[in-house]
Undergrad: 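Structure in structure tokens, see below.
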Amino acid sequence: MKSVYLVFSVVFSLLLFSGNTWAQKPMAPEKLQGTIRVDAEAVVDLMVNTPNLVIIDTRKDIEFGKGHIQGAISMLDTKMTIEGLKKHVPEKSTPILLYCNGERCLRSSRAASFALDAGYKLIYWFRGGWNEWIKKGMPISNETD
Amino acid sequence: MRLTNLKISNISIKTLTVTILILIAFASVLVSVASGKYFFKTAQEAQLYSLNRVIQVSTKEIMQELHDQVYSIATALSSKGVIFSEYKKRTRTDDNEKLIIALNDPFVTGFVGAYSVELIKIRAYDLDLNFVAESDKGIKGMPQKLPSSLYQMAQNRRGSERTKALYSLWQYANQSHYSVLVPLGGVFVTGYLEVVVDPVTNLVKLAEKMDSPVSIKSGMDENIIYYLPDKSVKNLLPVNYILETGMGEPAYQLTSYEDIEKLSEGVEKTVFNSITMFVGLVLIILIISAWLFQLFLFKPLGLMLNQIKIISDGDLSRELKVDGLSEIDSLTVEFNKMINEVRSREEELKKLSIIDELTKIYNRRKFDEVLKSEYFSACRTKLPLAVLMVDIDYFKNYNDTYGHPEGDKCLKKVAAAIMNSVSRSSDLVARYGGEEFVVVLPDISESGSQAVARKIITNIAELQIAHSASKVSDIITVSIGGFTSVPSVDHNPDFIVSEADKSLYQSKSEGRNKFTVRSEVNS
């Protein structure tokens, strides 16, 4: 009988442990010091009202190719360099908007930190990312140029 | 059986018990069958409810997939390519011809995802939701305006809200369509594009999802059939779901046909097993009950009844012998007590019937009985038999002089004295009547009889009971007449009595207070 309890408790602990592992799947931080957090509606307003806004999609190329926010440029966070940024955004005062897949994705927060360190002053962070964009039925662009 | 014969006393405990047991068995079968049916019905209702949920969820899934596909197509068409550029040009030139060609393009050259949706119209609207143009291709005759459900949602939207895609199931003339409205020009809205599809093509997938035959009919008119199963749905249970438009009107009646027999199979098996087990258990309990009743009630009762019948028929010597439960045992004990009581009372009664109440010696009845028996016994053995008749002298005068109570006392004393005068167990002393006593002396000689007679006279004289009214003495005396003979079958017991009586008469006539014993030889 004791062995049954032992097996049961081991299985239960494993389940509990694995449950915690799922729960601990990385979440993007709620706030990112030095950036302005925005939602999908605010992104549209920014796009309409801020002509020099540079939108950077930090997802993989293949994801970008399937659809992205209108006018965005693709730049994977891991391949982000000061030179690369400078090429697209020469002025440090130019507003930049960064997004990736969503709250379970850390790419945009990493890229935002990178841009902050690079000296860019106005950084908008769209934490909800592509998932929120799609969920809210916002326009999708397939333009590659 | 006629109703008049139906008395409680006609029904045995066994019949009643067996009837009750049969009724219990019958009731248990009825209850289990009824509860089985109820269980079956409940299980079916639960299954039906689950199936309703399944068809609802499956339909919603299909509509979500359809939405994703149409949304994807609509955004693709609106954000780039000829439609948007022709729409932009048109705002400058007020010429719809090229726009219509652009709107026809997806019908002609195809588009990504064309295989998964049934495109029926593409239409363009301006910023104020006014109709601009529509494709020539696709179905004809659609009213040239934004469907009201979409219009209600789209009007009065401001800012970023205007860029969001809208979608709705809508209908006109009993025909239902699914539309997605997306902004033309993306975030920089300049107008709207509506992509209209026929959802039936996608709803047909319900059959695959439900893994059962499916029919699709108009929600408004059952006679408008969009899709029917390719095989017979006879004997199948229809499970319905109404898919509504954005305005809450019934758009489609979706029916999935479920094999109820297949669904019921498990339930039926469970119900059958439960009923069989329950009824079996009840029957086993009833059979055991019947056996216990037979062993501990019917059998002892039957034995008891048989024995009581024998006893009540007159055999009081028997006792009830029945082993059984405490009540049966008590009944047996109490019955035996009663039988003992009856037996002792009967003996007493018997005794009372042969004893003289006053003198406590045998009475005339016992005398007759014994005389008869001794007489015929003597006939066989050829042994002599003597009878002595004893009469108190002038007893009437004694009663007159001393009163009846004293007379009674006198009779008692005389009786006791006569009793003391015989010594053998076979000798019998009885009161013959009034002041007359009789003595039967079997197997005795004439001289023996005379000796007894003499002893009687002596014993009575010794009593010294004063009798002033006697004419022969001043005390109580008796006259005795006896007769001794070897009885013969030629005579009867009365003969010997009458001969003794003659001797008594002789004693009396010879002056009383004496005995005369004659024998057959000298008579």
Side-chain angles (χ1 to χ4, degrees), chain A residues 36-57 59-74 94-102 108 124-145, chain B residues 63-85 87-88 105-106 111-114 124-125 127 149-150 153-154 157-169 178-195 246:
Chain A
I36 301 163
R37 188 177 146 176
V38 290
D39 60 8
E41 288 81 359
V43 171
V44 173
D45 291 339
L46 274 173
M47 287 167 77
V48 173
N49 301 319
T50 317
N52 61 339
L53 177 75
V54 177
I55 303 171
I56 301 176
D57 186 328
R59 297 177 301 154
K60 290 175 185 170
D61 286 349
I62 190 162
E63 290 168 325
F64 180 86
K66 283 179 185 170
H68 51 262
I69 297 177
Q70 200 173 343
I73 55 170
S74 175
T94 307
I96 303 174
L97 184 129
L98 293 145
Y99 74 94
C100 60
N101 275 319
S108 58
Y124 295 99
W125 179 43
F126 179 25
R127 185 173 179 268
W130 191 243
N131 288 342
E132 184 184 329
W133 193 257
I134 292 291
K135 201 176 164 190
K136 287 181 171 170
M138 293 304 187
I140 301 168
S141 172
N142 292 91
E143 291 165 358
T144 47
D145 51 346
Chain B
M63 290 308 286
Q64 184 59 46
E65 283 165 17
L66 176 68
H67 167 75
D68 292 346
Q69 284 157 357
V70 182
Y71 170 55
S72 168
I73 292 162
T75 50
L77 293 175
S78 66
S79 65
K80 66 167 191 177
V82 287
I83 293 176
F84 180 52
S85 63
Y87 178 80
K88 276 198 288 190
D105 191 51
F111 52 92
V112 178
Y125 302 88
L127 261 181
S149 54
L150 281 175
M153 291 187 271
R157 291 196 301 173
R158 292 286 173 268
S160 59
E161 288 298 314
R162 295 199 304 177
T163 62
K164 289 182 183 176
L166 294 176
Y167 53 91
S168 178
L169 189 64
Y178 188 78
S179 284
V180 171
L181 188 74
V182 292
L184 272 170
V187 171
F188 307 97
V189 191
T190 52
Y192 292 98
L193 185 76
E194 183 198 8
V195 177

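By convention in this document, chain letters (A, B, ...) are assigned in the order of the sequence lines, proteins followed by strands, and residues within each chain are numbered from 1. Bear in mind that the values here come from a model prediction, so they are computed numbers and not experimental data.
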Undergrad: Counting only N and O atoms by type, is there a donor-acceptor contact under 3.5 Å from the side chain of A:Q70 to the main-chain atoms of B:G185?
TA: yes
Undergrad: Would you mind telling me which of B:T163, B:V182, B:V187 makes a side chain to side chain contact (heavy atoms under 4.5 Å, CB included) with A:M138?
TA: B:T163
Undergrad: Do you know which of A:D39, A:D45, A:V43, A:L46 makes side chain to side chain contact (heavy atoms under 4.5 Å, CB included) with B:S160?
TA: A:D45
Undergrad: Looking only at heavy atoms, which two atoms of B:Y71 and A:W133 are closest? And how far apart?
TA: OH-O, 4.2 Å
Undergrad: What option among A:A42, A:G67, A:G137 has the most heavy-atom pairs under 4.5 Å with chain B?
TA: A:G137
